Amino acid sequence: MAKGDPGVTTTRGRRAAPRAKRTAATAGGDPELVQLLTPAGERIESAFGPDGTEYRADFTDEEYRGLYRDLVLVRKLDAEATALQRQGELGLWASLLGQEAAQVGSGRALRRQDMAFPTYREHGVLYCRGIDPIMPLGLFRGVDQGGWDPNEFKFNMYTIVIGAQTLHATGYAMGVHMDGKTGGDDGEAVIAYFGDGATSQGDVNEAFVWASVFNAPLVFFCQNNQYAISEPLERQTRVPLYQRARGFGFPGVRVDGNDVLASYAVTRHALDNARHGQGPSLIEAYTYRMGAHTTSDDPTRYRIASEVEAWQAKDPIARMKAFLEKQKIADAAFFAEVDEQARAESVHLRERVLAMPDPEPVTMFDHVYPHGSPELDEQRAQFSRYLESFEGSAH
């Protein structure tokens with residue numbers, strides 16, 4: 001799976017190894033959880049959703065290795081960004097540690113024509129869409145607005161306001177439907193990412209209503225990482241989040257968000273349903289935020305170490321590596337090569353961040369309005385006079 005290939009497709013040719021047909025429930029998993037790869041790296045032939053849909057994901061050996069490479073590179077780049085913030089080079093960083101499989105799996109499930117609306121944590125999806133990973137770091141360093149072209153990459157700008165992107169995605173998806181861009185394999189689908197805490201926001205529930213009644217080709221992808229900053233899941237809901245979809249009139253499914261294969265299969269199925277005109281759906285990717293909410297957060301204040309340790313045993317990269325080893329799809333040389341590539345790319349990313357030029361403060365006014373305004377011009381002039389007052393002083 002090549003870096004930056006947002007249109008990679010599952011192949012149904014040779015499988016990694018013959019295996020018995022099992023469901024998540026018969027394999028000892030949560031019967032509500034779609035799982036195709038256990039924490040021990042055992043492959044499950046297929047799993048069924050609550051509506052009886054059968055999910056499976058068969059890849060070539062090269063594609064399996066590509067998924068592993070994606071997971072490792074995304075984690076390493078994320079770790080480098082966290083280190084840069086701790087050293088004062090970024091103002092803030094929202095780590096995806098522990099959520100790599102949900103993001104890489106869903107990101108690789110997108111077809112080229114599909115549009116994604118992220119929060120501020122979808123660094124793995126951004127990577128899968130072929131966007132230079134330096135882009136969000138410019139935003140968090142405060143030197144630019146994170147300037148990729150959403151139309152070129154089919155990936156919208158990061159959204160800081162919790163849940164707001166679900167309304168943006170709904171409006172966009174309604175436009176796709178009204179323009180007649182659904183109804184076939186070449187149709188366009190939309191995906192909106194958000195966290196479990198965002199489900200308590202009015203914006204998200206309004207998006208559910210509008211998407212449902214207008215049959216928008218939209219997949220709501222909730223990364224349930226168990227905490228809305230410091231608030232645990234039980235403070236957000238009394239029922240599993242995916243069950244909320246039923247009340248709005250569209251299907252919902254819970255997937256093991258630490259399983260990259262299941263995340264891919266469930267997302268690809270939901271997106272294909274949307275592009276064929278079957279309306280919205282909700283995916284709850286059940287995962288865990290291994291680190292802090294952002295680098296300004298201290299998770300030790302609201303969760304215990306044993307809980308973190310329990311989820312470390314479900315690590316998405318470790319289970320994919322175990323699978324590759326058991327099926328003899330990859331050897332020690334491959335893993336070493338991936339680790340070296342991740343190290344080199346992270347070093348290169350650090351060098352590029354440190355080389356970013358500091359923008360002139362007055363440039364903050366440049367892109368507020370496309371054609372400016374008298375009020376903005378006056379604010380710019382006042383700010384310029386303020387800056388000039390410091391010239392030659394001891395300040």
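This one's a predicted model, so the numbers in the text were calculated from it and none came from an experiment. Quick note: residue numbers are just sequence positions, from 1.
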Worksheet item: Got a sec, which pairs hit salt bridge (charged side-chain N to carboxylate O under 4.0 Å, His left out) with one end in residues 154-177, sequence neighbours left out?
Response: Lys154-Glu188

Worksheet item: Does Leu92 share a hydrophobic cluster with Ile229, counting links as ILVMFWY side-chain heavy atoms below 4.5 Å and allowing steps through other members?
Response: no

Worksheet item: Sequence neighbours excluded, which residues qualify as salt bridge (Lys or Arg N to Asp or Glu O under 4.0 Å) partners of Asp78?
Response: none

Discussion item. According to salt bridge (Lys or Arg N to Asp or Glu O under 4.0 Å), who are the partners of Arg385, at least two apart in sequence or on a separate chain?
Written reply: Glu378

Worksheet item: Does any pair with a residue in residues 355-366 pass salt bridge (charged side-chain N to carboxylate O under 4.0 Å, His left out), and if so which ones, sequence neighbours excluded?
Response: Asp366-Arg380

Worksheet item: Trp148 and Met135: which non-hydrogen atoms are nearest, and at how many Å?
Response: CE3-CB, 3.4 Å

Worksheet item: Is there any ring-ring contact (aromatic ring centres under 6.0 Å, His included) pair reaching into residues 340-380, and which pairs are they, with sequence neighbours excluded?
Response: Phe365-Phe383

Worksheet item: Is any side-chain N of the basic residue among Asp132 and Arg352 closer than 4.0 Å to the acidic one's carboxylate O?
Response: yes

Would you mind writing out the side-chain donor-acceptor pairs for residues 159-169 within the sub-3.5 Å range, not counting sequence neighbours?
residue: Gln165; atom: NE2; partner: Tyr193; partner atom: O; Å: 2.7
residue: Thr166; atom: OG1; partner: Gly163; partner atom: O; Å: 2.6

Item to complete: Scan residues 82-106 for pairs that pass ring-ring contact (aromatic ring centres under 6.0 Å, His included), counting only residues two or more places apart or in two chains.
Response: Trp93-His123, Trp93-Phe140

Practice prompt. Report yes or no: is the cationic atom of Arg129 (NZ for Lys, CZ for Arg) under 6.0 Å from the centre of the six-membered ring of Phe153, at an angle within 45° of the ring normal?
Written response: no

Discussion item. Please enumerate all residues that pass salt bridge (Lys or Arg N to Asp or Glu O under 4.0 Å) together with Asp256, with sequence neighbours excluded.
Written reply: Arg319

Practice prompt. Please identify each residue that fulfils salt bridge (Lys or Arg N to Asp or Glu O under 4.0 Å) with Arg343, with sequence neighbours left out.
Written response: Glu340

Worksheet item: Which residue pairs pass the salt bridge (charged side-chain N to carboxylate O under 4.0 Å, His left out) test when at least one of the two sits in residues 288-309, sequence neighbours left out?
Response: Arg289-Asp297

Discussion item. Under a plain distance cut-off of 3.5 Å, with no hydrogens placed, do His293 and Asn225 share a side-chain donor-acceptor pair?
Written reply: no

Worksheet entry | Residues Arg75 and Asp315 bridged, charged N to O under 4.0 Å | yes

Worksheet item: Going by side-chain heavy atoms closer than 4.5 Å, which hydrophobic residues are tied to Leu233, directly or by a chain of links?
Response: Leu241

Worksheet item: What do you reckon, is CZ of Arg235 surrounded by more than 12 foreign heavy atoms closer than 6.0 Å?
Response: no

Going by atom type alone, with no hydrogens or angles, which donor-acceptor pairs under 3.5 Å involve a side-chain atom of residues 212-220 and a protein atom two or more places apart or on another chain?
residue: Ser212; atom: OG; partner: Phe248; partner atom: O; Å: 2.5
residue: Asn215; atom: ND2; partner: Gly277; partner atom: O; Å: 3.1

Discussion item. Ring of Tyr68, cation from Lys321 - is the NZ or CZ under 6.0 Å from the centre and inside 45° of the axis?
Written reply: no

